[in-house]
Amino acid sequence: MNSFTDKAISIIKSIPEGQVMTYGQIARSAGNPHGARQVARLLHTMSKKHGLPWHRVINSKGEISLNGEGFETQKYLLEKEGIAFSSNSRINLTFYQYEFAYSE
DNA sequence: GCCATGGCTAGTA
DNA sequence: GCCATGGCTAGTA
C-alpha cells in the first residue's frame, strides 16, 4: 500500500455517501500535489475493478467533468445521495466537500 | 501514450 | 481558453 495509486484508491473508497472530493484534493492527500490527472486516469481505468465511488469525485470548480451520458449518470447518482446542484449544475464545495484526514 | 485537471493569463465589462 | 505535468494500466509479444 505505498504507491500513489494505492493511496489514491483507498482515499477514494473512504469518501462518505453524500459528500465529494476533488481530483486535486485526492492527489494532494495521496502525496502528489500534481497528481490530479493521474486520479482522473485511475478513476477511468480502475473504478469497476475496485468498486470505487467514482461519482463522488468532481473538479475543483465544483463541476462534473464528464460529458453526455456520463454527466447525466454522475449527476443522478449524486442527487440520489442528497447532493444539491445549483442552476449552473455546480456543487457547493464548502458544503459538500469531504475533509479527508489521515487516520494513521 | 493516456487522462474525468488545475492554475494562470488575457481580455472583457 | 491555453498548456505544462506525471504515474502507470491494459493489452500485446
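Order of the sequence lines sets the chain letters (A, B, ...), proteins ahead of strands, with each chain counted from 1.
Between the CZ atom of A:R37 and the P atom of C:dT9 there is a distance of 17 Å, given to the nearest Å. In this structure, CZ of A:R28 is placed 15 Å from P of C:dG6, rounded to the nearest angstrom. Between A:M46 atom CE and B:dC2 atom P the separation is 19 Å, expressed in whole Å. Between A:K61 atom NZ and C:dG1 atom P the separation is 11 Å, expressed in whole Å. Summarising the geometry, the separation between CG on A:L66 and P on B:dA4 is reported as 8 Å, rounded to the nearest angstrom. Rounded to whole Å, the distance from CD1 on A:I58 to P on B:dA4 is 16 Å. Atom NZ in A:K48 sits roughly 16 Å away from atom C1' in B:dA4 (whole-Å rounding). Taking atom CD of A:E63 as the reference point, atom P of B:dG7 lies 14 Å away to the nearest angstrom.
Between A:M46 and A:I9, the closest side-chain pair of non-hydrogen atoms falls below 4.5 Å.
Put simply, A:T5 has a side-chain N or O that comes within less than 4.0 Å of OP1 or OP2 on C:dC8. For C:dC8, the OP1/OP2 oxygens have a side-chain nitrogen or oxygen of A:S3 closer than 4.0 Å. Under 4.0 angstrom from either OP1 or OP2 of C:dA10 there lies at least one side-chain N or O belonging to A:K49. For C:dT5, neither phosphate oxygen OP1 nor OP2 lies less than 4.0 angstrom from any side-chain nitrogen or oxygen of A:H34.
Counting any heavy atom pair closer than 4.0 Å across all strands shown, A:G35 reaches no nucleic acid atom. If you check every strand for non-hydrogen atoms under 4.0 Å, A:N32 touches sugar and phosphate atoms only.
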Would you check, one step at a time, whether the test side chain to side chain contact (heavy atoms under 4.5 Å, CB included) holds for A:V57 with A:T22?
CA-CA 5 Å; A:V57 185; A:T22 71; over 6 Å; no
Might you work through the side chain to side chain contact (heavy atoms under 4.5 Å, CB included) test for A:I26 and A:K7, ending with a clear yes or no?
CA-CA 9 Å; A:I26 291 164; A:K7 288 187 210 164; over 6 Å; no
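Ranked by how close their nearest DNA chain C nucleotide is to the 5' end, A:R41 and A:T45 are led by A:R41.
For A:H44, taking side-chain heavy atoms from C-beta onward, the closest of the listed nucleotides C:dG7, B:dA4, C:dA4 is B:dA4. For A:S47, counting side-chain heavy atoms from C-beta on, the closest listed nucleotide (C:dA4, B:dA4, B:dG6) is B:dA4. Relative to the side chain of A:F4, the nucleotides B:dT5, B:dC2, C:dC8 differ in distance, and C:dC8 lies closest.
Rounded to the nearest Å, the gap between the C1' atom of B:dG11 and that of C:dA4 is 22 Å. Distance check on atom C1': B:dA10 versus C:dT5 gives 22 Å, rounded to whole Å. Across C:dT12 and B:dC3, the matching P atoms stand 16 Å from one another, rounded to whole Å.
Between the side chains of A:Q97 and A:Q25, at least one donor-acceptor pair of N or O atoms lies under 3.5 Å.
B:dG7 is paired with C:dC2 under the Watson-Crick or G-U wobble criterion, all donor-acceptor distances under 3.5 Å.
Checking side-chain atoms of A:Y96 against main-chain N and O of A:A84 turns up a donor-acceptor pair under 3.5 Å. In this structure, the side chain of A:E79 does not engage the main chain of A:F85 through any donor-acceptor pair within 3.5 Å.
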